[in-house]
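Could you have a look at this structure, given as structure tokens, before my questions?
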Amino acid sequence: MRRPPALGMIGSIVLLKPGLTTLPSGLRAFAAEVKLENGETVVAPLVNLEVVG
């Protein structure tokens with residue numbers, strides 16, 4: 001993850017959301033559900049994700 005609140009955490013994409021998703025900030029963006037290594041699942045904009053490995 002490239003931005004807070006999950007900055008630096010690693011996870012796996014569980015689901016690519018169809019179309020634009022309204023985020024808590026009110027912005028609409030393409031997003032994915034990501035399961036983090038700590039077991040938490042978050043919705044994150046695709047631009048905040050980085051491929052590693």
Next item on the list: Could you tell me which residues satisfy side-chain contact (heavy atoms from CB on, under 4.5 Å) with Ser25, sequence neighbours excluded, listed by chain and number?
Entry: Leu23, Leu27

Notebook entry, point to check: Transitively linked via ILVMFWY side-chain contacts under 4.5 Å: Leu20 with Leu15?
Noted result: no

Next item on the list: Would you list the pairs meeting salt bridge (charged side-chain N to carboxylate O under 4.0 Å, His left out) in which at least one residue belongs to residues 19-29, sequence neighbours left out?
Entry: none

Ignoring hydrogens and angles, write down the donor-acceptor pairs under 3.5 Å from the side chains of residues 33-53, residues two or more places apart or on other chains.
| unit_1 | atom_1 | unit_2 | atom_2 | d |
| --- | --- | --- | --- | --- |
| Glu33 | OE2 | Lys17 | NZ | 3.4 |
| Asn38 | OD1 | Glu40 | N | 2.9 |

Note to self: Test of understanding: clusters of I, L, V, M, F, W, Y form through side-chain heavy atoms closer than 4.5 Å, transitively. Do Leu16 and Val14 belong to the same one?
What the structure shows: no

